[in-house]
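Written out below as structure tokens is the structure these notes cover.
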Amino acid sequence: MKCATVHIIGAGLSGLAAAVRLAGGPQKVVLHEAARQAGGRCRSYFDPSLGMTIDNGNHLLLSGNRHALAYLDAIGSLDQLAGPPGADFAFADLATGERWRLRPNSGPLPWWIFSKDRRVPGTSPRDYLALIRLLARARREDLPLSEVLQDRGPAYERLWRPFFLAALNTDPAEASCRLAAAVVRETLAKGGRACRPLIAAHGLSAAFVKPALAYLARRGAVFLPDHRLRAIEFAKGRAAALDFGSDAVRLDEASKAILAVPPSATESLVPGLPAPRSYRAILNAHFKIALPKSLPPLLGVVNGTIEWVFAFQDRLSVTVSAADRFLNSGREELAARLWAEVAKVTQIEMPLPPWQIIKEKRATFAAAAGEDARRPDARTAYSNLVLAGDWTATGLPATIEGAIQSGHRAAELIASMQ
């Protein structure tokens with residue numbers, strides 16, 4: 001009997017996650033990637049202007065991201081993550097100079113909100129009941145998040161706004177309260193044990209990509225970089241052939257396909273498929289500098305342009321979410337502006353060091369209610385074709401967790417097909 005083949009189109013995190021789940025099973029796995037390397041928007045590259053390897057974007061995991069951690073465990077790279085032993089977030093206010101640490105206790109009963117040393121300065125335990133209202137309201141309807149979190153006091157400005165802006169990459173004025181509630185259910189609602197911050201200390205590729213490709217190779221999967229899918233031929237309610245331009249693959253009755261590419265590419269390959277129409281940018285900056293030992297690995301910043309400062313061994317990196325307003329700003333101007341804030345908040349007195357600015361115009365879909373409703377299910381109208389990607393209907397915003405969850409879902413659907 002001829003061995004069935006699963007063709008996975010796209011080697012971003014969703015495609016890699018699907019391939020890892022299926023590799024070594026009864027079906028042959030072939031992973032196709034249009035670029036020359038895997039990883040998609042979650043990868044590292046050597047930057048000649050800095051003379052070092054950097055990530056194309058900064059990503060934070062939380063210990064409640066069970067799909068992401070299961071993926072890393074499967075490929076043997078959990079040790080690539082670093083973070084404090086518990087839920088511990090350092091914050092600084094650029095306007096007032098205040099500093100504090102947010103430290104939820106590990107269990108689900110949130111006694112930490114009664115401790116001034118663990119919660120945001122200027123807040124009371126009552127301010128944290130907003131999450132209960134959010135969870136209840138999101139079950140009934142999907143409103144802009146700012147309509148549910150109406151109190152604009154210190155808790156909103158110093159915690160809820162930066163937390164949800166980072167998670168959704170969309171301003172709370174338009175962000176979906178349903179997607180915000182989904183993030184809360186997976187993290188804060190489970191207590192501090194689900195909120196431990198984790199970063200890929202040695203780079204995204206070292207944690208998420210290279211170990212996955214090695215895992216796939218050991219299990220007989222085939223990886224084909226620089227292999228862009230041009231078209232899909234459909235016949236009799238199924239995908240019948242994959243056209244890669246220089247070659248084509250006929251899909252026999254037992255063969256299946258997972259389409260794990262961005263929504264714009266998916267729409268061109270599968271006409272009539274719904275997909276988000278609006279996107280939001282992310283701005284990342286990297287500064288080559290020898291770091292002071294006192295700097296925390298992750299620092300949240302309020303009342304500034306920068307929102308999160310990541311401390312790596314050889315550089316400082318910052319992230320600005322929902323950064324469409326900076327897409328037309330000059331790179332030199334941005335570097336100087338961001339470094340001025342970094343220097344102030346880290347108390348590093350030195351001129352602008354070597355830097356790199358990365359603007360990602362379509363980093364994520366806009367996590368608004370209307371766009372969330374446009375996200376397609378993993379199943380398609382074709383019996384042997386399923387979708388994967390953080391933009392599909394995962395119930396989560398466009399995050400690493402959402403991408404990997406979508407890959408796992410696609411693999412489950414493929415495995416269930418007869």
Side-chain angles (χ1 to χ4, degrees), residues 10 12-18 21 40-42 59-71 108 131-145 147-149 160 163-172 174-191 194-195 258-263 266 273-280 321 363-380 386-416:
L13 284 191
S14 57
L16 286 171
R21 276 287 172 95
R41 289 176 288 124
C42 184
H59 293 274
L60 174 68
L61 288 181
L62 295 177
S63 50
N65 296 152
R66 56 190 179 89
H67 285 276
L69 295 184
Y71 167 81
L131 290 190
I132 298 177
R133 296 194 298 272
L134 170 62
L135 293 173
R137 193 68 177 270
R139 291 190 181 96
R140 301 194 303 270
E141 55 187 335
D142 199 0
L143 297 171
L145 181 58
E147 292 186 21
V148 180
L149 302 177
W160 305 136
F163 175 75
F164 288 118
L165 185 60
L168 305 178
N169 193 35
T170 303
D171 191 276
E174 62 170 343
S176 158
C177 74
R178 190 159 289 165
L179 290 176
V183 174
V184 171
R185 281 193 296 271
E186 293 296 313
T187 56
L188 284 169
K190 294 181 178 180
C195 298
I258 296 174
L259 199 54
V261 299
T266 303
L273 193 73
R277 291 279 187 258
S278 182
Y279 296 84
R280 293 294 176 266
S321 300
T364 70
F365 70 89
E371 295 304 311
D372 186 44
R374 291 187 56 82
R375 300 165 74 185
D377 186 66
R379 296 180 185 272
T380 71
V386 300
L387 304 178
D390 59 12
W391 60 277
T392 61
T394 65
L396 294 173
T399 58
I400 284 179
E401 176 72 359
I404 293 176
Q405 176 182 308
S406 77
H408 289 169
R409 168 66 172 158
E412 291 169 1
L413 289 174
I414 290 292
S416 69

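Because the structure is predicted, anything quoted here is derived from the model rather than measured.
A search for salt bridge (Lys or Arg N to Asp or Glu O under 4.0 Å) contacts involving Arg277 returns Glu267, not counting sequence neighbours. A search for salt bridge (Lys or Arg N to Asp or Glu O under 4.0 Å) contacts involving Arg178 returns nothing, not counting sequence neighbours. With sequence neighbours left out, Ala410 forms a side-chain contact (heavy atoms from CB on, under 4.5 Å) with Ile258, Val386, Ala388. His408 meets the ring pair (Phe, Tyr, Trp, His ring centres under 6.0 Å) test with His67; sequence neighbours excluded. For Thr392, there are no side chain to side chain donor-acceptor pair (under 3.5 Å) partners, not counting sequence neighbours. The side-chain contact (heavy atoms from CB on, under 4.5 Å) test applied to Ala68 returns Leu61, Asn65, Ile400, Glu401, Ile404, not counting sequence neighbours. Scanning for salt bridge (Lys or Arg N to Asp or Glu O under 4.0 Å) contacts around Asp171 gives Arg161, with sequence neighbours left out. Trp391 meets the ring pair (Phe, Tyr, Trp, His ring centres under 6.0 Å) test with no other residue; sequence neighbours excluded. Remark: Ser321 pairs with Leu165, Asn169, Glu307, Thr319 by the side-chain contact (heavy atoms from CB on, under 4.5 Å) rule, at least two apart or across chains. For Arg280, the salt bridge (Lys or Arg N to Asp or Glu O under 4.0 Å) test picks out Glu174, with sequence neighbours left out. Applying the side-chain contact (heavy atoms from CB on, under 4.5 Å) criterion to Ile132, with sequence neighbours excluded, gives Leu129.
Note that OG1 of Thr399 is 10.0 Å distant from NE2 of His59, once rounded to the nearest 0.5 Å. The OG1 atom of Thr380 sits 9.0 Å away from atom CG of Leu259, with the distance rounded to the nearest 0.5 Å. Considering CG of Leu149 and CG of Leu143, their distance stands at 11.0 Å, rounded to 0.5 Å. To the nearest 0.5 Å, atoms CG (Leu168) and CZ (Phe365) are separated by 8.5 Å.
In this structure the side chain of Phe163 reaches within 4.5 angstrom of the side chain of Val183, judged on heavy atoms. Residues Cys177 and Asp142 have side chains in contact (heavy-atom distance under 4.5 Å, counting atoms from C-beta outward). Residues Cys195 and Leu188 form a side-chain contact, since some pair of their non-hydrogen atoms from C-beta on lies under 4.5 Å apart. Side-chain contact between Leu134 and Trp160: absent, with no pair of heavy atoms (C-beta onward) separated by less than 4.5 Å. At a threshold of 4.5 Å between non-hydrogen side-chain atoms, the residues Arg379 and Arg409 count as touching. Considering only heavy atoms from C-beta on, Leu387 comes within 4.5 Å of Pro376 through its side chain.
Listed here is the closest heavy atom pair of Ala182 and Leu396: CB-CD2, 4.0 Å. In plain terms, the two heavy atoms of Gly395 and Leu179 that are nearest each other are O-CD2, 3.6 Å. Here the shortest heavy-atom pairing between Ser63 and Ala194 reads OG-C, 3.2 Å. Minimum heavy-atom separation, Pro108 to Ala189: CB-O, 4.3 Å.
Within the structure, every pair that satisfies the salt bridge (charged side-chain N to carboxylate O under 4.0 Å, His left out) test and touches residues 367-378, not counting sequence neighbours, is listed here: Asp372-Arg375.
The backbone N or O of Ala363 sits less than 3.5 Å from a side-chain atom of Arg41, completing a donor-acceptor pair.
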